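Start at 1 and go down the list; that is how both ligands and their atoms are numbered. Since the structure is predicted, the reported quantities are computational estimates derived from the model, not experimental observations.
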Amino acid sequence: MENIYTPIKKLFKRAATGQDALPDSSERFIRLVRRAVENSEFEVYYQPQYNYNTKKLFGAEALMRWRQDEKNEVSPAVFVPRLEKCGMIYEVDKLIWKKVCADMRTWLDLGLNVPHLSVNLSGDDIYHEGLEGYFTSLLAEYSLKPKDLHLEITETAYIKDLKLMAEVIDSLKSKGFVVEMDDFGSGYSSLRTLKNVPFDVIKLDMELLQESETNEKAKNILTAVIEMLQKIEIEVIVEGVEREEQAKLLGRLGCNYMQGYYFGRPTDREHFEEILKNNR
Ligand code: C2E
Ligand code: CA
Ligand code: CA
């Protein structure tokens with residue numbers, strides 16, 4: 001059956017991990033990052049999110065890319081943990097959030113139907129004192145509303161101070177931001193976090209879904225987890241949907257918000273703009 005979700009094919013050149021492109025020494029890595037910031041080597045890609053029930057675009061996740069030159073692209077799975085380790089993630093994330101707001105403003109001014117855009121926040125970001133003020137001034141600068149920007153809290157945040165995190169999230173929510181818990185079902189993102197932190201949306205980690213096709217136990221756990229999340233009335237987005245059968249399974253479970261290669265790979269802003277032009 002034809003896949004209706006990806007109007008533009010082959011948008012994404014597979015990224016090399018780029019592990020070798022990064023120096024081992026922290027000082028050299030920091031110098032390289034500073035130069036990359038000056039040379040605008042950090043870019044934003046957007047991955048669409050669809051409502052499988054209505055077949056409509058309902059959002060997109062902004063994912064950072066580091067393009068060192070024409071040939072070399074380093075994967076965020078490699079460089080984000082290094083940025084976190086050397087205390088530079090907040091600086092680089094702020095740059096990405098600003099680019100996302102600027103893109104959204106441009107698209108709104110073009111009269112496009114722009115859904116919410118989700119940005120990623122690392123552990124260090126969430127505990128940063130200036131965070132809320134930064135977002136508030138960013139939204140004012142680009143005349144956006146808090147609900148336009150969803151905040152995805154990545155897994156590394158959950159290992160630190162859960163009580164403080166709940167307070168920060170409460171405060172962000174009181175300002176109107178939509179806060180999402182990323183990677184639920186993996187690593188540190190536990191039931192305790194779910195119980196104690198007032199997230200608006202849960203993003204289900206892709207591993208369970210991907211194992212569900214061959215492993216009956218994984219499928220039963222996936223079904224039970226979705227039922228549990230529906231019971232506590234929290235919105236769920238499933239990541240890593242790569243095939244139609246997976247989308248159908250999720251649809252049968254009543255879980256219609258999906259993101260993954262089946263619907264579209266992360267694409268650069270120009271290609272995402274084309275997707276928005278088709279979003280009526
Ligand atoms: P994440 O937030 O869990 O993002 C989802 C990852 O899964 C992305 O990898 C995305 O390209 C990939 N993905 C999407 N659909 C599929 C699929 O169907 N199958 C498979 N196998 N993978 C899929 P990416 O872009 O390499 O990012 C890796 C991680 O780096 C992210 O995981 C996130 O934790 C971090 N990251 C990316 N951008 C940022 C950012 O701007 N700031 C921060 N702090 N972290 C970021
Ligand atoms: Ca994410
Ligand atoms: Ca995730």
Side-chain angles (χ1 to χ4, degrees), residues 3 5-6 11-19 33 36-37 41-50 59-67 73-101 103 116-128 131 149-158 178-189 199 201-213 236-247 250 257-268 272:
N3 182 347
Y5 293 100
T6 318
L11 299 174
F12 184 79
K13 205 170 74 213
R14 184 162 280 283
T17 63
Q19 184 101 48
V33 172
V37 170
E41 290 173 16
F42 291 105
E43 292 174 22
V44 187
Y45 270 42
Y46 295 92
Q47 185 175 33
Q49 301 172 325
Y50 282 91
E61 178 176 3
L63 292 155
M64 167 155 52
R65 295 288 177 265
W66 184 354
R67 190 177 303 284
E73 192 180 291
V74 196
S75 162
V78 171
F79 71 80
V80 166
R82 289 286 304 271
L83 288 173
E84 287 170 341
K85 206 166 154 213
C86 73
M88 291 191 81
I89 189 69
Y90 187 59
E91 201 177 311
V92 177
D93 270 343
K94 279 200 297 185
L95 203 108
I96 297 297
W97 304 334
K98 194 171 166 70
K99 278 178 191 275
V100 172
C101 289
D103 283 346
H116 78 257
L117 301 176
S118 295
V119 294
N120 283 285
L121 275 75
S122 283
D124 287 2
D125 299 333
I126 194 84
Y127 300 107
H128 212 283
L131 181 75
L149 210 60
H150 287 203
L151 312 181
E152 273 189 27
I153 317 291
T154 60
E155 208 209 328
T156 51
Y158 312 135
V178 177
V179 185
E180 305 188 352
M181 178 187 194
D182 206 354
D183 309 317
F184 182 73
S186 77
Y188 296 99
S189 43
F199 291 103
V201 179
I202 296 298
K203 290 194 79 178
L204 204 59
D205 187 67
M206 61 185 83
E207 199 178 300
L208 258 185
L209 175 68
Q210 295 184 341
E211 284 184 11
S212 286
E213 281 178 300
V236 187
I237 301 175
V238 183
E239 290 189 292
V241 182
E242 293 182 348
R243 282 185 302 285
E244 190 174 15
E245 298 73 52
Q246 295 174 326
L250 292 167
Y257 295 128
M258 305 182 197
Q259 175 183 348
Y261 295 168
Y262 173 65
F263 299 94
R265 289 178 180 255
T267 71
D268 62 27
F272 187 66

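Counting only heavy atoms of the protein, atom 43 (C) of ligand 1 lies nearest to D93 OD1, 3.5 Å. Looking only at protein heavy atoms, the nearest one to atom 2 (O) of ligand 1 is D182 OD2, 3.0 Å. Nearest protein heavy-atom neighbour of atom 18 (O) of ligand 1: Y261 N, 2.8 Å. The protein atom (non-hydrogen) at minimum distance from atom 24 (P) of ligand 1 is P76 CG, 3.7 Å.
Residue L63 touches ligand 1 through backbone and side chain together, judged by heavy-atom distances below 4.0 Å.
In this structure, atom 32 (O) of ligand 1 is not in close contact with the protein, since no protein heavy atom lies within 4.0 Å of it. Atom 4 (O) of ligand 1 is approached by the protein to below 4.0 angstrom, counting heavy atoms only. Inside a 4.0 Å radius of atom 29 (C) of ligand 1 there is not any protein heavy atom.
When every heavy atom of Q259 is checked against every heavy atom of P48, the shortest pair comes out as CG-O, 3.9 Å. Summarising the geometry of E180 relative to F199, their closest heavy-atom pair is C-CD2, 3.7 Å, with the distance given to 0.1 Å. Contact between G185 and D205 at its shortest, heavy atoms only, is C-CB, 4.5 Å. Across L209 and E239, no two heavy atoms sit closer than the pair CD2-O, 4.1 Å. For P81 against P76, the heavy-atom pair with the smallest separation is CD-O, 3.4 Å.
Taking only non-hydrogen atoms, the option from R243, E207, Q210, M64 nearest to atom 40 (C) of ligand 1 is M64. For the residues K203, E239, M206, E180, the heavy atom positioned nearest atom 7 (O) of ligand 1 is part of M206.
Remark: ligand 1 atoms within the under-4.0 Å shell around heavy atoms of E242 are 17 (C), 18 (O), 19 (N), 20 (C), 21 (N). Near P266, the atoms of ligand 1 lying under 4.0 angstrom from a non-hydrogen atom of the residue are 11 (O). Taking a cut-off of under 4.0 Å to the non-hydrogen atoms of Q47, the atoms of ligand 1 that pass are 14 (C), 15 (N). For ligand 1, the atoms lying closer than 4.0 Å to a non-hydrogen atom of D183 are 3 (O). Per-residue contacts place E61 under 4.0 angstrom from the following atoms of ligand 1 (heavy atoms of the residue considered): 2 (O), 4 (O).
For ligand 1, the polar-atom distance check against Q259 finds no nitrogen or oxygen pair separated by under 3.5 Å. Note: no N/O pair closer than 3.5 Å links T154 and ligand 1 by distance alone. Polar contact with ligand 1: present for R65 (N/O pair, distance under 3.5 Å). Here's the thing with D125: none of its N/O atoms is less than 3.5 angstrom from an N/O atom of ligand 1.
Side-chain atoms of T154 come within 3.5 Å of backbone N or O of L121 as a donor-acceptor pair. For the pair S122 (side chain) and D124 (backbone), a donor-acceptor distance under 3.5 Å is absent. Looking at Q47, its side chain does come within 3.5 Å of a backbone N or O of G264 through a donor-acceptor pair. The closest donor-acceptor contact from the side chain of Q246 to the backbone of R243 lies under 3.5 Å. N120 places a side-chain N or O within 3.5 Å of a backbone atom of A62 that can act as its donor or acceptor partner. Judged by distance alone, the side chain of E207 and the main-chain N or O of S186 form no donor-acceptor pair under 3.5 Å.
Expressed to the nearest 0.5 Å, how far CH2 of W97 lies from CG of L131 amounts to 5.0 Å.
A tilted orientation is assigned to the rings of W66 and F42, their planes being inclined by 30° to 60°.
Around the Ca ion (ligand 2), protein N, O or S atoms at a distance under 3.0 Å total 4; waters are neither shown nor counted.
Judged by the 6.0 Å distance and 45° axis criteria, R82 is not positioned over the aromatic ring of F79.
At least one side-chain heavy atom of L83 sits less than 4.5 Å from a side-chain heavy atom of M88.
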